[in-house]
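Working notes for the structure below.
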There are 2 protein chains.
Amino acid sequence: MTTSTAEDEWREDCAPRRVLDLFATKWTSMILHTLDARHDGAARTGVLQRSLPGISKKMLTQTLRDMEASGFVSRHARGTIPPAVEYRLTPLGQRFVEPVELLYGWGRDNADALDQMGARPTARRRG
Amino acid sequence: MTTSTAEDEWREDCAPRRVLDLFATKWTSMILHTLDARHDGAARTGVLQRSLPGISKKMLTQTLRDMEASGFVSRHARGTIPPAVEYRLTPLGQRFVEPVELLYGWGRDNADALDQMGARPTARRRG
DNA sequence: CTGGATCCATTGGGATACTG
DNA sequence: CAGTATCCCAATGGATCCAG
């Protein structure tokens, strides 16, 4: 059985942890989902911001830039005035949406269990 | 198609976002995975710490406590000296491991794509 | 061996004002 | 409308020392 406790796969740079890093910036997956929810997998900045109550303009732009650099979305600017910028899921982004949606689906299916714990991070006690 | 852009499901307290919160404390899913990787879904503190290179004793205990409060693991202490504490996946924990493993699996399947982006959060530029 | 308590550096991320 | 630049706070989480 090779003692396959998977002791070897948890270095900082292993693939699974790289995926976790994608959730470190909390808006990443939600942006992907929002884009995915649109028929053409694309949306303009304003639409995204309105679809994600609570996100600040700063975090929206910043997250989008990071996602672009990571290859999850592509940016399409129309050189018009006023500006009209559209973000679109890349093939990689589309692939990643699948496990993300699965995760969200799990949440809906287990909403009651999630409700029983507070609204904190994991159950973070404050102070 | 009801224009199901899902504009309504993104309040702070919606189920999907509750799930995301589970990843806010970065060790949660890794602890779950480590427990799941063991034949009996249980492990002692020392084993967990050794299986998760980089985790500090503080974060290990703290995360475990939060996970216990959230109902993902159960704590079993033997009143011996020295202490022997064992953590075990609860049914809820076992259920949650599934989507988590799927996510990790995605990472392995797309390791090359993940490699192309830096090792930063999403692609965080420092400074 | 397990875990609690501090101290503290880092940084995610919000508010706001400004530029094209 | 889209994006940048500061300012600033809260909280993650590492290092240590202490206690059953």
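The chains referred to below are lettered A, B, ... by the order of the sequence lines, with proteins before strands, and numbering in each begins at 1.
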Nearest-Å distance for atom pair CZ/P, residues B/Phe23 and C/dG12: 18 Å

Distance-minimising heavy-atom pair for B/Thr34 and B/Ser51: CG2-CB, 3.6 Å

Ring pair (Phe, Tyr, Trp, His ring centres under 6.0 Å) involving B/Tyr104 - partner list, sequence neighbours excluded: A/Trp10, B/His33

Whole-Å gap separating C1' (C/dG12) and CE (A/Met30): 13 Å

Spacing of B/Glu68 atom CD relative to C/dG4 atom C1', expressed in whole Å: 15 Å

Spacing of B/Ile55 atom CD1 relative to D/dG14 atom P, expressed in whole Å: 8 Å

Atom of B/Ser29, atom of B/Phe23 and distance for their closest heavy-atom approach: CB-CE2, 3.8 Å

Distance, rounded to the nearest Å, where B/Met59 contributes CE and C/dT10 contributes P: 18 Å

Any B/Arg44 side-chain nitrogen or oxygen under 4.0 Å from OP1 or OP2 of C/dT2: yes

Nearest-angstrom distance from the residue atom CG of B/Asp66 to C1' of D/dG13: 12 Å

Selection residues 88-106 of chain B - residue pairs positive for salt bridge (Lys or Arg N to Asp or Glu O under 4.0 Å), sequence neighbours left out: B/Glu86-B/Arg88

A/Ala111: side-chain contact (heavy atoms from CB on, under 4.5 Å) partners, not counting sequence neighbours: B/Ala15

Degree of bending in the helix from C/dC1-D/dG20 to C/dG20-D/dC1 once both end axes are built from five pairs, to 10°: 30°

Touch class at under 4.0 angstrom, heavy-atom based, for B/Arg78 against every strand present: nothing

Value in whole Å for how far the P atom of D/dG14 lies from CD of B/Gln49: 11 Å

A/Lys26 side-chain N/O to D/dT12 phosphate OP1/OP2 under 4.0 Å: no

Heavy-atom pair of closest approach, residues A/Pro99 and B/Leu103: CB-CD1, 3.5 Å

Nucleic acid footprint by protein, nucleotides 15-20 of chain C - heavy-atom cut-off 4.0 Å, B for base, S for sugar-phosphate alone: B----B

Nearest non-hydrogen partners of A/Leu114 and B/Arg18, listed with the distance: O-NH2, 2.8 Å

Between D/dT4 (P) and A/Leu64 (CG): distance, integer Å: 11 Å

Set of side-chain hydrogen bond (donor to acceptor under 3.5 Å, both in side chains) partners for B/Arg78, sequence neighbours left out: none

Closest heavy-atom pair and its distance - B/Ile55, B/Gln49: O-NE2, 3.6 Å

Nearest listed nucleotide, side chain of A/Thr45, among D/dA2, C/dG3, D/dG13: D/dA2

